[in-house]
Each structure stands twice: as C-alpha cells, then as structure tokens.
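What follows is a single structure, written as structure tokens, with notes after it.
These numbers come from the heavy atoms of this one structure, side chains and all, not from hydrogens, waters or symmetry mates. Please read these numbers as outputs of a predicted model, since none were measured by experiment.
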Amino acid sequence: MGPRCAAYNEVQATPVKRLCKSHSIITVNGQFPGPNIEVRNGDTLIITVSNRTPYNVTIHWHGIRQIRTAWADGPEFVTQCPVKPGGIYTYRFTIKDQEGTLWWHAHSSWLRATVYGALIIHPKEKKSYPFLPPKREYPILLGEWWDQNPIDVIHEAISTGSAPSISDAFTINGQPGDLYNCSTKGLIFIIKTSSFVDFSSLTTLKKMSISISEITIFPVNPGETILLRFINAALNTELFVSIAGHTMMVVAADASYVKPFLTTVIMLAPGQTTDVLITTSLPPSRYYIAARAYSSAESLPFDNTTATAILDYDCGCLPGPTQPPPAQPILPAFNDTLTVTAFSAAFKSPTPVKLPSPVDEHLFFTVGLGLFDCLPGQICGGPNHTRLTASINNVSFVLPYSSSLLQAHQLAVPGIFTTDFPAKPPVEFDYTGKNVGRELWQPEPATKLYKLKFGSVVQLVLQGTSIFAAENHPIHLHGYNFYILAEGFGNFDPARDTEKFNLIDPPLRNTVGVPMKGWAVIRFVADNPGVWLLHCHLDVHITWGLAMAFLVEDGVGELEALEPPPLDLPLC
C-alpha cells in the first residue's frame, strides 16, 4: 500500500459572479472548480465530505476502479445513500495500477454543474511518463454555466416533463472567457505553476493572481513542452477544443496511455479526459484556447456560445487597449460528425494488448430517448403533450430511495431491485430507421440489474436508436475500464461489422461515445465485485432513465470479494 493521503472537504454554498450576475453556487471548500487532487499510483486516499448544503450530496471518483471498495464509488442510491444536509461521510480507497487524468464530481441531482475537480494520478516514485517529461502541466476543466440554480433547472424540467433550459455559457477552469457579453467586466485568473509538484499534501492548489477580465490565462515560456490535461466536466454538452496556431499530440485518455497522434482539434464528451502535449514554438504572443459545442442531435436547441482561455507566452503582453486580441483558433462546425468520427478512430493502445477471451456474456443494449404518455393530473411539457424519458433496452432506470442498491444486495433486502434486466432488446426493430413504431417510444420504468459472475468476459454492443431524437450518447461504466473494439453507423450487424473489430491495439477507456444513429462495441472482464452503474453521461439523459447497473458477484476468497461496508456509511 502506498502513502495515505487525507483531506477534509466542506460542500457549501458560495457566492460567485459570472456574466455580470451574482448568485450562490454549491462548491467544495468555497472553490469553483473544486480543489485539484494530485496523488501517485498506489496511494490510499481518505477524503471526508461534510455536507453544509440544503441538498443531498455524494461524490464520485470518476474512472477510479475501486477494486473491492464499491462503497466509495459515490453514485447516490446505487453504492450509497446520500450524505444528508449536516451529515459527514469519509471515502476510503486505494489507487491500483492507474495513472493519468481522472476527475471527481458530485453524483446527486445536478450538483455536478459546479461540484467537480481534477484527480491527477502521477506515476509511482522513480517512475516516469512514457514520453519526455513536460516543463509544465495544467489541468483544464471544461464546464457549463447557468445564470440560475442548476437544481432549479432540472427540478422544473422534471415537474413539467420537458427538456431543461440550455446553459448560458461554457467555462474553462470556471471562467467563461472574454467572448461573452459583460465578461470583460469581471476578473482575470492567471494560473501559476511550476514543474515541481509537492505530493506531501493530497490537494495541490494552484496560485492565482488577478487582473481585469473574466478569463483564465495559462503562462508559458517559448520553447517549452507543456502537458495539458483536458477534462470535460460539462453537464450536457460534448465539446470541441482547439488552440490557435498549435498542434496537439494526444498521449492519453481516461487515465490510459494511447499511441501518440497529432491533431489540431480534440472532442471530449462529458466524463472524458484527454492529455495532450504542445510545444510553445510560435512567436511570443497570446493564443486563444477555445471550446464550443458538438451538437449531434438534429433540430434540438443547444448552447451555441464559445468559451475561451489564453495561452500566454511570456511576452509582457497582457491585455490592454493597445494590445491586439489573442490569435483565434479554427473550430469545426457544431455538427461536424466527420471530424468526431476521425478523431475517435485515431485512439489506439500504445502496444498490442492481450484481449480477454473467450467471451462469456454477449450483450446487446439499445440506448436512446423516448416519450411517456401523459397521465391524469400530470403536467406534460414534452412533444404532443407527453413527458420526455430515456432507456436502455426499453427499461427506463428508476433509482430506489429506501436503500442503495449495493446495501440491498449486501443485506439481501427484498423488493429494492430485480435481476432480470434483458440481455437484448425485448423487440428487434430498425433501431436507426426513420419510422420507428410509436409502440416502442414508451419504455418500462423499473429498477432492473444484470447479474455477472466474477471473472466473466463481457462483450457489449451499445446500439443507438432514432426513437424521438438520435444523438451521440457518451456511455460511462463505473468501476471498470473497457476496450473499445469498434464504432460504426447504422444498425450493428454481427455478420458484417465483426470484421471491423480492432483485436490488436484497441483503446482502453471508461467512457465511450456511441455515435448518433450508430453503435459501439466494448469488452471487459467482470473482476470487481459490487453494483456498478452504466449510464449516459449527459446528465439530462440519466435523469430521464438512460442507465442500468451490473451486479457482479463475489469470486473465490477474500481478495475476490467486496469489502464490508464502512461503519459511517450514510443511512437512507
């Protein structure tokens, strides 16, 4: 076991001002974004969360395997009951054979809109990156901002059955940048860092200085190699990112190294991380880092604004009335699916991998939206007097409230869930066709789990549908990494599409983008006992029920069994 790193964090309301409007948001320790956590592979984390808000709170450590420690995973009513207002809970887990960029975030309602931060895992002592050490490193967290309380936004949508209001801005490390109305009347945040990171403390806070505009500035010197750790913490939006004049070398994603490749634009779905190297070889000046939406759904509203930060060469050219504006990057069109497809296809593992085989469980899951009929007494703000919903294999996931799923499993509590989640859709149909029968638009609301034997090899086809509206779905699996064997468009055809599988060097991820009107195939070994959520990381979709959970049974002996629950586990 590595060093033990401990921290105490208060979740609290904090007044902030963005876009010339002030209101209280929920933060950790008064910081937005929250503290960056920097540790080493092998460290044990002990993080106490004190809830000083009027809302239920849990924290998810996104991408952490949580081997045998599912109690610390964080999704409310799945692996724990939430920490109630005034309550305290301590998360305890060990980083095992993982390094790279992950992140942490609230997993209760829409608190994730402002409760999030980076979780950076450095190599063990005397180990190094599989590339030349960078001169500097910066975590870059992409976020989504509402000019109102995000909890009120989703509560209104739930009460009316309609889609929630779109965001008012995107942010880069908490700041929208200077392309928004009124944003030049706020504050500049200049992030200062050095090449040396002090690991004696769990939380390494970056020093900030203040100037005149609501934008984040990353200082660099000419001739340096910089490691940028991009994290898409946005609630509901996939994002393109580009840096004016600079080519990026992608070296890792979701805390797994990849075969390096060059690109001028990256796209991250909510939940995904991408590490890139850049070289500061341009003339000393200021260069925009810009982020805007990739919106795959046809005719649906989206936030069509652009967030900016500045890569500032040490040139003494801070903004002023006589300074030219920063150089502008070129971003793809909001619906440029060809660029997204090419970028996704470029990811490969650095070396050939030994894929788990043979496959024990062949699963086929449809993922998509739907509509509930309006019942007497309901407000129905969806299309044609309906209520919006979502499902996997026509089951719209319903969270329990009297117990978490993991507690109900561990204590054999009856009536909380069933284990009859279907291995394939109950009805086969033209999943991506234009005329899907209306009888398929209304899923079954239920709390169904799929049981897996410890050690079983699982191959899962994730098939997008065109029910009501087709779009990209970033699917995240808790407690596991998986190999992405292939992605494609149309209906998955095993006779034709199996030939497209990358069985040599597929990338290892924890979140996969299922293409609009398309499919993705993943493979993993069920070697981590517990209850593990699989869900779309567009939070509006998980709110509507686009989720399910695997129940992975204990194996043989203590090392293949779930640890006992902690004594301070919150009660429902």
Side-chain angles (χ1 to χ4, degrees), residues 33 60-65 98-105 107 112-113 116-121 139-144 170-173 227-242 248 250-259 261 263 265-276 289 291-296 307 332 337 339-349 367 462 464 471-484 487 506-516 518 520 522 524 533-542 546:
H60 170 52
W61 314 95
H62 185 110
I64 297 294
R65 286 292 316 274
Q98 291 185 272
E99 58 185 62
T101 304
L102 295 175
W103 61 303
W104 58 267
H105 60 80
H107 215 297
R112 183 171 77 78
Y116 61 85
L119 173 50
I120 298 170
I121 308 169
I140 301 181
L141 293 101
L142 311 172
E144 204 162 2
F170 300 116
T171 59
I172 299 177
N173 286 4
L227 175 60
L228 302 178
R229 301 175 179 271
F230 286 97
I231 300 166
N232 188 350
L235 217 58
N236 295 314
T237 306
E238 299 172 295
L239 291 166
F240 288 117
V241 182
S242 186
M248 295 174 276
V250 177
V251 293
D254 291 358
S256 291
Y257 294 114
V258 302
K259 189 174 295 182
F261 65 93
T263 183
V265 63
I266 62 175
M267 197 288 285
L268 300 91
Q272 292 182 325
T273 72
T274 303
D275 293 358
V276 306
I289 302 171
R292 66 169 295 181
Y294 165 55
S295 181
S296 58
T337 296
T339 292
V340 174
T341 303
F343 179 69
S344 180
F347 285 90
K348 292 177 173 56
S349 287
V367 295
L462 294 160
E471 63 181 300
N472 235 49
H473 293 285
I475 301 298
H476 172 54
L477 176 58
H478 288 230
Y480 287 89
N481 290 326
F482 47 73
Y483 291 105
I484 303 176
E487 301 171 13
L508 191 66
R509 304 291 299 261
N510 63 53
T511 304
V512 59
V514 178
M516 179 190 67
I522 65 174
F524 64 96
L533 193 63
L534 176 85
H535 66 93
C536 182
H537 220 282
L538 305 180
D539 271 34
V540 63
H541 290 177
I542 189 176
L546 209 165

Is the closest side-chain donor-acceptor distance between [X] and [Y] under 3.5 Å?
X    : Y    : value
T339 : Y294 : no
E144 : T237 : yes
N472 : E238 : yes
N232 : H537 : no

So, taking the atom named [atom1] in [X] and the one named [atom2] in [Y], what distance separates them when rounded to the nearest 0.5 Å?
X    : Y    : atom1 : atom2 : answer
I172 : L141 : CD1   : CG    : 10.5 Å
T274 : I266 : OG1   : CD1   : 5.0 Å
I522 : I484 : CD1   : CD1   : 8.0 Å
L227 : D275 : CG    : CG    : 5.5 Å

If you look at every heavy atom in [X] and [Y], which pair is closest and at what distance?
X    : Y    : result
A520 : V512 : CB-CG2, 3.9 Å
F482 : I475 : CZ-O, 4.2 Å
A234 : P270 : O-CB, 3.4 Å
V241 : A291 : CG2-CB, 4.1 Å
V540 : N236 : N-OD1, 2.9 Å
V250 : V258 : O-CG2, 3.9 Å

Looking at [X] and [Y], would you say the former's side chain and the latter's main chain have a donor-acceptor pair under 3.5 Å?
X    : Y    : result
E99  : A255 : no
R112 : A233 : yes
T263 : V265 : yes
D254 : T273 : yes

Does F347 have R509 sitting over its ring (NZ/CZ under 6.0 Å from centre, angle to axis within 45°)?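 Judged by the rule (NZ or CZ under 6.0 Å from the ring centre, within 45° of its axis), R509 counts as positioned above F347.
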side-chain contact (heavy atoms from CB on, under 4.5 Å) with E471: which of P515, C536, S295, S296?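 One option only clears the test, and that one is S296.
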With [X] via ring pair (Phe, Tyr, Trp, His ring centres under 6.0 Å) - residues at least two apart:
X    : value
H107 : H60, H105, H478, H535
F230 : none
Y257 : none

Identify, with sequence neighbours excluded, every residue that meets salt bridge (Lys or Arg N to Asp or Glu O under 4.0 Å) alongside R292.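 By the salt bridge (Lys or Arg N to Asp or Glu O under 4.0 Å) rule, R292 matches no residue at all.
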Residues that R65 engages under salt bridge (Lys or Arg N to Asp or Glu O under 4.0 Å), provided they are two or more places apart: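 If we apply the salt bridge (Lys or Arg N to Asp or Glu O under 4.0 Å) test to R65, skipping adjacent residues, the hits are D527.
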Any residue meeting side chain to side chain contact (heavy atoms under 4.5 Å, CB included) with S344, in chain and number order, not counting sequence neighbours: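 Result, side chain to side chain contact (heavy atoms under 4.5 Å, CB included) vs S344: E487.
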Geometric class of the W61/W104 ring pair [parallel <30°, tilted 30-60°, perpendicular >60°]: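 It falls in the tilted class, 30° to 60°.
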